[in-house]
Amino acid sequence: MSIEIRKASADDLKLLTEWRMRVLREVFSTPDDADMEDLRAANEAYYREHVPDGTHTACFAVDTGNGRIVGCGGICYQHEMPSPDNPTGTCGYLMNIFAVPELRGRGIGRKVVEFLIADARARGIGKIYLESSQMAKSLYRSIGFEDLPDYMKL
């Protein structure tokens, strides 16, 4: 299986929202029949604002053999007070790193994270924060994150 990472655009609004809801249902163990329409609308509004203005980069992992989306991820950009370890005060928050359950452990999450870190570096971001599930901690440590949940100095 060959994976390509594709940056999402404002044209992907519905798809982004669909995948975000999939991630939230799994992370929060929310039943499929739970009413999440208000949350869906709020997330769609978030993407509508933040993807076009560049304060959120989202991407999809696509199986090049069949075109199927097999994962996703995103990074929110924000400002904090400048400090010695982040003089610009600009930071990213890595989120929604997700691979479909049947394909986990095949490097999909790593490719998504590496794509998003490259996006942050290209913007001159000084620090990336994240929260991690227990399952993903070894991945993040192998990429350079320490003392999870914490941050990675770029």
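We find the CZ-CD distance between Phe98 and Glu26 to be 4.5 Å, quoted to the nearest 0.5 Å. Rounding to the nearest 0.5 Å places CG of Asp63 at 5.0 Å from CD1 of Ile3. Taken to the nearest 0.5 Å, the OG1 atom of Thr17 stands 7.0 Å off from the CZ atom of Arg40. We find the CE-CG distance between Met36 and Leu24 to be 5.0 Å, quoted to the nearest 0.5 Å. Here the straight-line distance linking atom CG of Asn96 with atom CH2 of Trp19 works out to 11.5 Å at 0.5 Å rounding.
Side-chain atoms of Asp119 do not come within 3.5 Å of backbone N or O of Arg121 as any donor-acceptor pair. The backbone N or O of Leu39 sits less than 3.5 Å from a side-chain atom of Asn43, completing a donor-acceptor pair. Proximity of a side-chain donor or acceptor of Thr64 to a complementary backbone N or O of Ser2 within less than 3.5 Å is detected. Put simply, the side chain of Asp12 gets close to the backbone of Ser9: a donor and an acceptor are under 3.5 Å apart.
Of all heavy-atom pairs spanning Pro82 and Pro87, the tightest one is CB-O, 3.1 Å. Nearest approach of Ile97 to Tyr140, heavy atoms of both residues: CG1-OH, 3.2 Å.
Connection of Leu130 to Phe28 is established within a shared hydrophobic cluster, with ILVMFWY side chains joined at heavy-atom distances below 4.5 Å, either directly or through further cluster members.
A donor and an acceptor atom, one from each side chain of Tyr129 and Glu80, are located under 3.5 Å apart. Looking only at atom types and distance, the side chain of His56 has no donor-acceptor partner in the side chain of Tyr77 under 3.5 Å away.
Contact of the Cys91 side chain with the His79 side chain is not registered, since no non-hydrogen atoms from C-beta on lie closer than 4.5 Å. For the pair Arg104/Met135, a side-chain contact is recorded, criterion being any heavy-atom separation below 4.5 Å from C-beta on.
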Q: Apply salt bridge (Lys or Arg N to Asp or Glu O under 4.0 Å) to Lys111 and Glu4, showing your working.
A: CA-CA 8 Å; Lys111 286 187 177 201; Glu4 177 180 279; over 6 Å; no
(Q) Walk me through whether Arg48 and Glu44 qualify under salt bridge (Lys or Arg N to Asp or Glu O under 4.0 Å). (A) CA-CA 6 Å; Arg48 186 177 297 111; Glu44 188 172 311; 2.9 Å; yes
